[in-house]
Each structure stands twice: as structure tokens, then as C-alpha cells.
Amino acid sequence: MANLLQINNLHAAIEEKELLHGVSLEVNAGETHVLLGPNGAGKSTLGYTIMGSPTYAVTEGSIVFDGEDITKLPADKRAKMGIFLSFQTPVEIPGITLSNFLRNALEQRTGERIKLWDFKKKMQATMDVLHMDYAYADRDLNVGFSGGEKKKAEILQLLMLKPRLAILDETDSGLDVDAVKTVSEGIHEFQKDGEHSLIIITHNTKLLDGLRVDKAHVLVSGALVADGDAALVDDINQNGYEKYLAAE
Amino acid sequence: MKEKTWVQDINTGFYDFRFEEDESLMFESGITPRIINEIADEKGDIDWMRAFRLKSLEIYNKTPMVDWGPSIEGLDMSRIVTYIRPKTRMRTNWEDVPDEVKDTFERLGIPQAERESLAGVGAQYDSELVYHNVRKEVAEQGVVYTDLESAMHDPRYEYIIKSHFMKLVPPTDHKFAALHGAVWSGGSFVYVPKGVHVDIPLQSYFRLNAKGAGQFEHTLIIVDEGAYLHFIEGCSAPKYYEASLHAGCVELYVRKNATLRYSTIENWSKNMYNLNTKRAIVEEGGKIEWVSGSFGSHVSYLYPMSILHGEGARSEFTGITFAGEGQDLDTGTKVVHAAPNTSSYVNTRSISKSGGVNTFRSSVQINENAHGSKSSVSCESLMLDSISRSDTIPAMDIRTNQADVGHEAKIGRISDDVVFYLMSRGMSEEDARALIVRGFADNVSKELPLEYAVEMNNLIGIEMKGSVG
């Protein structure tokens with residue numbers, strides 16, 4: 001399988017404080033990885049750093065995407081190459097509707113104009129998958145959305161933009177059981193053709209029910225302490241992180 | 001070429017074209033009884049008006065300079081020319097307006113706007129209106145829209161003018177109101193008869209072309225019982241290095257159950273001292289809607305005031321102010337609730353950048369008899385960099401315990417998290433910032449007349465984009 005993302009000895013810091021201490025990770029095209037770890041381990045930091053957040057400075061190591069070193073590229077360039085981050089707390093943006101925003105993002109992603117009618121049809125079909133009321137499309141992006149609707153709006157973007165690599169940062173946090181199921185179905189839709197890669201950051205393995213998991217990693221205190229397959233997820237589920245914390 | 005995220009200044013070069021001064025009559029600078037008499041002679045003032053001017057001058061000389069807001073030290077009153085007559089008399093046919101004046105307004109899109117979306121237009125160039133026209137069907141409804149001087153000399157309107165002119169804003173109000181009373185020239189008189197709904201807006205456009213000059217137009221509007229009017233005023237001037245002064249005065253009378261929407265887009269050049277006074281009195285069940293966009297001027301003092309005089313009178317104030325380098329814009333609004341069950345709603349946005357200063361000042365007074373009244377004031381400020389300033393000075397004077405009053409102020413910067421979110425969806429940093437600023441201004445800009453809303457969006461686009469890429 002073709003290598004899509006390669007992270008080499010990545011060190012990242014916020015101001016003077018180092019949060020990632022040499023993380024290396026490989027994701028192949030079509031693979032779904034799960035990133036587990038206790039609170040404050042640096043999972044979100046890793047996701048944000050892959051996306052290119054200026055909040056975190058890469059002090060050492062590199063990120064290579066599709067053969068190109070993207071360590072210094074701004075986030076918009078990375079997005080255009082096909083990287084996507086679903087935010088744990090999506091921001092509210094008054095003045096642009098979800099629909100206009102999504103259409104704009106889609107045109108940025110593909111570099112092509114898209115006809116309004118075609119776009120609308122596709123968007124509504126995707127909203128159906130996520131049990132979203134069409135009315136949300138005409139509301140300002142995330143403004144006044146409930147936590148669940150914000151997360152659904154993120155997954156809506158994921159399904160419309162079809163990035164090559166999607167990082168889902170605790171997409172299940174704060175959702176009730178039904179919403180987790182809906183979001184999980186949306187993610188399944190994304191992974192089922194086997195072409196798109198995923199890094200799923202989560203605490204709650206409910207989200208993973210019904211999803212294919214190829215690899216799993218445990219991140220503790222800014223370093224990867226265990227790599228495995230779906231069995232590792234079950235292990236963490238039963239035993240928690242205790243042995244990794246003790247080993248520290 | 002790499003684009004800059006920030007530029008020094010809004011590109012207002014669009015307004016900066018100018019024509020050589022070749023006025024037929026330009027008075028000497030300064031303010032003396034002799035000059036006031038010359039203005040009165042030139043305009044053929046009726047005796048009461050001449051007396052009013054001279055009385056105002058006395059008040060002006062006795063009233064101290066304002067000392068509580070942005071500095072106006074750069075304004076040397078002895079150097080301001082108070083009266084400049086353009087080389088033409090007022091026309092009602094656009095073709096008759098002299099070419100260089102016509103060209104000025106053509107570039108500002110005035111006659112085009114008239115053809116497309118206005119019921120009537122007045123265009124003032126320096127001290128006098130050079131063009132005035134109102135659509136036939138509107139005139140047939142009994143709507144009067146003319147320049148104030150013509151109205152004053154018309155026996156049908158003289159009494160109305162005399163009984164309303166500077167009654168809401170008396171010359172004793174403040175120093176520049178007194179100055180206005182002494183040297184006012186040009187402006188508009190509008191009367192909308194009872195029950196008449198003027199479907200499309202009337203517009204006045206004020207252009208100050210001469211340098212080192214002042215513009216002192218007076219706008220007097222009466223919307224009679226149950227009538228409706230939307231009036232738009234636009235202002236601009238080319239930039240000179242000498243200080244210019246705008247001390248206009250707007251008096252609005254909104255009668256029982258009438259509604260007046262008054263929209264202003266002010267884009268004076270950055271050497272302008274904009275010391276304008278606007279006031280509305282609203283009778284029972286009537287409504288005043290102020291929409292105010294302030295983008296230009298070096299210093300502004302601007303606080304449109306609503307006096308809610310009749311039971312159930314309402315006022316809405318929607319404003320946006322954009323201060324860039326070298327601008328100190330002190331804006332806001334005043335409301336006096338002087339009758340029961342009145343309501344006021346204030347919603348403003350200000351944006352400051354490149355060292356620009358925005359001060360939002362509001363004053364809400366609810367009188368003892370105004371029980372059951374409501375007031376809501378919300379102001380939000382956005383600073384685009386760390387050298388700009390934004391202040392909020394709300395004042396409230398509530399004299400009854402049967403009123404519902406709310407105030408909310410927010411001052412912020414563009415959030416890095418929001419920029420990152422937008423960039424993670426493929427948007428460039430400049431586009432992301434422009435989108436955020438537009439979004440911030442959105443619920444105000446959508447109140448602006450369409451062509452101005454588009455222009456404001458473009459201004460923000462230029463602003464955020466830097467050099468044209």
C-alpha cells in the first residue's frame with residue numbers, strides 16, 4: 001500500500017514548552033488509524049501539527065505527505081493537498097452560511113467551480129446520511145448550533161470534501177449515544193471505499209463500533225508508547241492506560 | 001509578488017480625484033460679522049434668517065471649544081473658508097450641470113444610482129446644491145424635496161422652515177451648532193404628506209471639493225402622520241493637506257405613526273474634521289431608523305440623537321465605524337425616552353486598524369414619565385492589530401424603575417483559532433481574515449443600501465488583501 005503520511009521524529013512546542021517529543025508514524029492510503037491516550041497526552045497537538053496550526057512550532061523532525069515535505073507549509077496549502085482536520089470544538093463564524101462555506105471549501109479543494117444545483121443536491125443527500133435538517137445549510141456556520149450539530153457539520157464537510165487524509169479530533173466528545181452512532185455511520189461512509197485514510201483521535205471507543213480499524217497507537221506524555229492493531233483498542237478498553245503510565 | 005496581509009490605509013484613492021478650484025465666488029477665510037453678512041447678501045436671506053445668522057455668530061463667539069473628545073487642535077477656524085459658490089446655479093436637468101461638476105458626480109455613481117433606484121436626488125458641490133430632481137410620480141404624491149434656500153423663499157414653505165429650522169438643534173447646543181447657524185448653506189428640505197409611503201429612497205450627496213473649506217449643509221425632513229420615507233445621504237471629499245471642516249446639521253421630525261429611515265454613508269477624506277449634529281424627534285407610535293456607516297474623516301464627533309417624544313415611539317440605531325491610520329472617530333448615539341412605552345435599540349460595530357482609534361459613546365436617558373420603556377444597547381469592536389484602539393463609553397440615566405434597560409459591549413481581536421479553522425478548509429490567510437471582518441460587520445452592513453454594502457465589502461477586501469494581486 002502506498003505511503004501517504006510519514007511523520008519522522010516530530011518535536012512540537014508551544015512557546016518554550018515541548019509537547020511532542022519525537023513522534024514517528026506512518027499512514028498508508030486507505031488505512032484507518034486510531035490514536036488513543038489519556039487527557040493531555042498530546043493527541044490534539046499531533047492532529048493540529050499535522051494540519052499546520054501556527055500555535056505549535058515544529059522544533060525538530062518532519063511531516064511528509066504524499067512524498068512532499070509539508071513541515072513548513074501553511075494550513076491552507078495542506079488542505080488543498082487533501083488533509084482535513086475535524087475540530088473538537090468547531091468555531092462559530094457569523095456572516096457565512098454553512099452552505100456557502102462548504103461550497104467555497106469544495107472549490108478550494110478541487111480547484112474547480114461547482115454548479116449551485118449540483119452542489120445543493122449532493123449536500124442534501126449527504127445531510128440525509130447524517131440526519132441533518134436542511135435548514136442548517138442556510139444558517140451561519142456553527143452559530144447557535146448545538147454541540148451535536150457542530151460535529152455533524154464537521155462530518156458533513158468531511159464527506160463533501162473527501163480529503164485523502166482526515167484527522168478526527170474527539171469527534172465523539174460531548175455527543176449522546178444516538179449522535180455518536182450517526183457520526184460513526186458518517187465516518188463509515190468515508191472509509192468504506194478503502195481509498196481514504198483516517199486518524200481517529202478518541203477517548204470513547206463507542207465511535208469505533210462498526211468501523212474498520214487497521215492500526216492503533218497509544219500516546220502518553222507526548223510520545224508513542226504502543227503500536228498495534230484493533231486488538232490494542234480492546235486492550236485499552238478493558239485495562240485503561242495504567243500500564244503505560246506506570247512504564248513512564 | 002507576495003501579497004501583504006496588511007496595508008497602511010484603506011484605498012480611498014477612488015475619491016481623491018479633484019478639479020482645479022475655479023469657483024466663481026470664494027469668500028475669505030475666518031468668521032466675522034462681515035463675512036456672515038456677505039453670506040446673507042449672497043443668498044438673499046430673508047431678514048429673520050439674517051438675524052438668526054448674526055445671533056448664532058454671537059453664541060459661537062461666547063461658546064467654548066469642545067474639550068472632551070478627540071483633539072481638534074489641527075482645526076484653525078480662522079483659516080476655514082465658510083462659503084464657496086460653485087460656478088453654476090442649481091439645475092434640475094442633469095445635462096445642464098457643468099462638465100467638471102457632472103464628471104465628479106458621474107464618477108461617484110450619482111446619476112446612475114438615481115436612474116436605477118432613487119425617487120429623487122440632490123447633489124451639493126461645496127456650498128451649494130448644483131442639481132436637484134425628484135421623480136414626477138413622487139412629486140405628484142405631494143412629496144416636497146428641494147433645497148432649503150428655495151423652500152425658504154417659497155411662501156408655501158417659509159413658515160414651516162421658520163418654525164422648524166434649528167429648533168431641534170438650537171445654536172446654543174454646542175459651538176459647532178452655533179457655527180452652523182451662522183454660516184449654513186445648502187442642504188435639503190423634505191416634506192412627506194400624511195399617509196404617503198415613498199417606496200424608493202431619496203438621496204442627497206455632499207461633495208466638498210475646495211481645499212481648506214467647510215461644508216455646512218442643513219437637512220430638514222418632516223414625515224407627516226402615518227407616512228414613510230427612506231432618505232440616504234452620502235459624503236465624500238478629495239484629500240488635501242489642509243484641514244477641512246464639515247459641520248452639517250440634520251433635523252428630523254417624525255410625526256404620529258410615521259417611519260423615517262435615515263441612512264448615511266460618510267467617506268470624507270482623512271483631513272476632514274467631521275463635527276456633524278443630527279437629531280430626530282419622534283411622536284406617538286412613530287419610528288426613526290438610523291443607519292450609519294462612518295469610514296472617512298480625520299476626526300469625527302457624531303452622535304445622532306433620538307428624542308422619543310410620543311407614547312410608543314421607537315428608535316433603532318445601526319452603525320458601523322472603520323478607523324484606520326490617523327483616524328480618531330468618536331461615534332455613537334443618544335436616546336431620550338420622554339414618553340411611556342417607548343423603545344430604543346442600538347447595535348453598533350467598530351473596526352480599528354493601523355493605529356486607528358474608535359470610541360463608542362452612547363447615552364440613554366429614560367425620563368420619570370417613560371414607564372414601560374425598553375432600551376437595548378449592544379456595541380462590538382474589533383481591533384485588527386495591537387497598535388489600534390477601541391473604547392466604549394456608555395452612559396445611562398434611568399429615572400423610573402419601570403423600564404427595561406440592557407447594555408452589552410464586546411471588544412476583541414481576530415481569533416487565531418478562527419483563522420486556522422478557515423485555513424484548514426483551504427482558505428488563504430488573507431481571505432480568512434477578510435471573511436471574519438465581513439462576518440463581524442455583517443448584521444450591520446446588511447442594513448446599508450445595497451450599493452454601499454457592496455462598496456463596504458470591497459473596502460474590506462482591499463483592506464485585507466494589501467497590494468492588488
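Quick note: numbers below take in every heavy atom, side chains included, and nothing from hydrogens, waters or symmetry partners. Throughout, a chain's letter reflects where its sequence line sits, starting with A, and its residues are numbered from 1. Since the structure is predicted, the reported quantities are computational estimates derived from the model, not experimental observations.
Taking the six-membered ring wherever Trp is involved, the centroid distance between the rings of B/Tyr262 and B/Phe317 does not fall below 6.0 Å. Between A/His33 and A/His217, the distance separating the two ring centers is shorter than 6.0 angstrom.
Between chain A and the options B/Val418, B/Asp442, B/Asp416, heavy-atom pairs under 4.5 Å are most frequent for B/Val418. In terms of heavy-atom pairs under 4.5 angstrom with chain B, the leader among A/Gln157, A/Glu107, A/Arg109 is A/Gln157. The most heavy-atom pairs under 4.5 Å with chain B, out of A/Ala79, A/Ser53, A/Ala105, A/Pro94, come from A/Ser53.
In this structure, chain B has no heavy atom under 4.5 Å from any part of A/Leu106. Contacts between A/Leu141 and chain B at a heavy-atom distance below 4.5 Å involve the side chain alone, from C-beta outward. In this structure, chain B has heavy atoms under 4.5 Å from both the backbone and the side chain of A/Tyr48. Proximity to chain B (any heavy atom under 4.5 Å) is restricted, for A/Asn142, to the side chain, taken from C-beta onward. For A/Ile96, the part lying near chain B is the side chain, with the backbone staying farther off; criterion is any non-hydrogen pair under 4.5 Å.
Taking the charged nitrogens against the carboxylate oxygens, B/Arg261 and B/Glu447 do have a contact shorter than 4.0 Å, which makes a salt bridge. Salt-bridge formation is not detected for the pair A/Glu195/A/Arg164: no Lys NZ or Arg NE/NH1/NH2 atom is positioned less than 4.0 Å from an Asp or Glu carboxylate oxygen.
The two atoms that bring B/Thr392 and B/Ala409 nearest to each other are CG2-CB, 4.0 Å, heavy atoms only.
At least one test fails for B/Arg314 against the ring of B/Tyr345: distance under 6.0 Å to the centre or angle within 45° of the axis.
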